[in-house]
Amino acid sequence: MNKTLMILVASTALTASVAVPAWSSITNRVDGASSAAIESDTQSQHMMFASNDDDDDGYRRRYGADHDGDDDHGRGHDDDDDYGGGANNAAPAGTVAPPENGLFQGGVRPIVRTN
Amino acid sequence: MKSLLASLALTTALTVPGLALARPVTMTVNLNNYGGPGAYLALYVTNSSGAYVGTLWMAGGRSRYYQHLSDWYRATGGSTSQINGITGASVGSGGQLQVTFELADTLFDAGYTVHIDAAVENMRESPNEVAVPLTTSGAGTTTRGRRYIAGFTYSM
């Protein structure tokens with residue numbers, strides 16, 4: 001009987017240790033979610049990528065301008081895959097664990113494939 | 001012996017639900033041949049109130065362009081802390097993005113919605129191009145986007 005009791009106690013402890021943190025991480029995240037509701041922006045805006053590091057100025061200067069198809073204004077396509085340089089860029093996948101936002105279980109990293 | 005078996009059955013019944021808190025989910029985004037450079041895509045989740053919960057994936061590595069993913073940007077302020085470790089390359093015209101996650105079971109059939117904002121250089125922004133409720137019955141169903149996304153599907 002003592003043995004049975006021990007097994008029951010152990011299983012309860014195991015279940016609680018697995019389930020409680022996982023459940024609370026989800027519910028806490030949801031409870032603490034930003035109150036700002038996501039609103040669908042029905043008025044799409046024209047997007048202009050800037051080609052230099054002063055992107056804000058470049059963006060404002062070019063925003064709303066007609067695109068005539070040439071790149072005389074210094075606009076060019078940036079290859080976005082140079083993760084290493086920008087201090088303000090996010091850490092690429094695989095270099096750090098995913099954020100603890102309650103969506104990813106156990107910190108398992110997503111597996112991505114892009115064609 | 002019987003009591004041992006009973007206790008084993010009970011422990012199994014108690015433990016299994018605790019372990020089955022997550023499931024692998026693969027999300028696939030196919031893009032139209034829109035004839036432009038690589039698209040930035042933000043995949044993120046809102047709850048039943050429409051409040052931002054978290055980001056699943058960011059396709060596109062340069063933070064200065066995130067303002068063009070306008071709904072995502074409004075919800076996050078463009079904070080890279082939201083996307084550290086879940087950021088990859090942008091997706092080319094006609095290309096495909098496929099990401100597999102271990103997602104919490106509780107996200108399904110509980111009012112959560114996955115959204116995708118899209119933006120392409122020199123082309124129009126497309127916030128909330130796709131908004132799909134996360135349900136077990138919705139797995140495998142393809143949803144078309146408004147502008148750049150030919151189809152979005154999740155499977156599990």
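Closest non-hydrogen pair, B:A104 versus A:G102, comes out as CB-O, 4.1 Å. The shortest heavy-atom contact between B:G54 and A:N101 is CA-ND2, 3.9 Å. Residue B:R62 comes nearest to A:N89 through the heavy atom pair CA-OD1, 3.6 Å, listed as atom of the first residue, atom of the second, then distance. Here the closest non-hydrogen pair linking A:A91 and B:N84 is N-OD1, 2.8 Å.
At a threshold of 4.5 Å between non-hydrogen side-chain atoms, the residues B:L56 and A:F104 count as touching. Within the 4.5 Å cutoff, no side-chain heavy atoms of B:T55 are placed close to those of A:P99. Inter-residue side-chain proximity for A:V112 and B:W57 is flagged as met; some heavy-atom pair is nearer than 4.5 Å.
B:V29 is connected to B:M156 through a chain of hydrophobic side-chain contacts under 4.5 Å among Ile, Leu, Val, Met, Phe, Trp and Tyr, so both are in one cluster. Follow the hydrophobic side-chain contacts under 4.5 Å out from A:V108 and you never reach B:V114; the two are in separate clusters. At a threshold of 4.5 Å between side-chain heavy atoms, the hydrophobic network of Ile, Leu, Val, Met, Phe, Trp and Tyr places B:L41 and B:V132 in one connected group. Both B:L69 and B:Y34 sit in one connected hydrophobic cluster of ILVMFWY residues. Membership requires side-chain heavy atoms under 4.5 Å apart, directly or through other members. Both B:Y73 and B:V120 are part of a single hydrophobic cluster, where members link through side-chain heavy atoms under 4.5 Å apart.
When each of B:G92, B:P24, B:S81, B:S63 is checked for heavy-atom pairs under 4.5 Å with chain A, B:S63 comes out on top. Between chain B and the residues A:I111, A:T114, A:T95, the most heavy-atom pairs under 4.5 angstrom are made by A:I111.
When heavy atoms are compared at a cutoff of 4.5 Å, B:T26 does not approach chain A at all.
The distance from atom CZ of A:R109 to atom CD1 of B:I86, rounded to the nearest 0.5 Å, is 12.5 Å.
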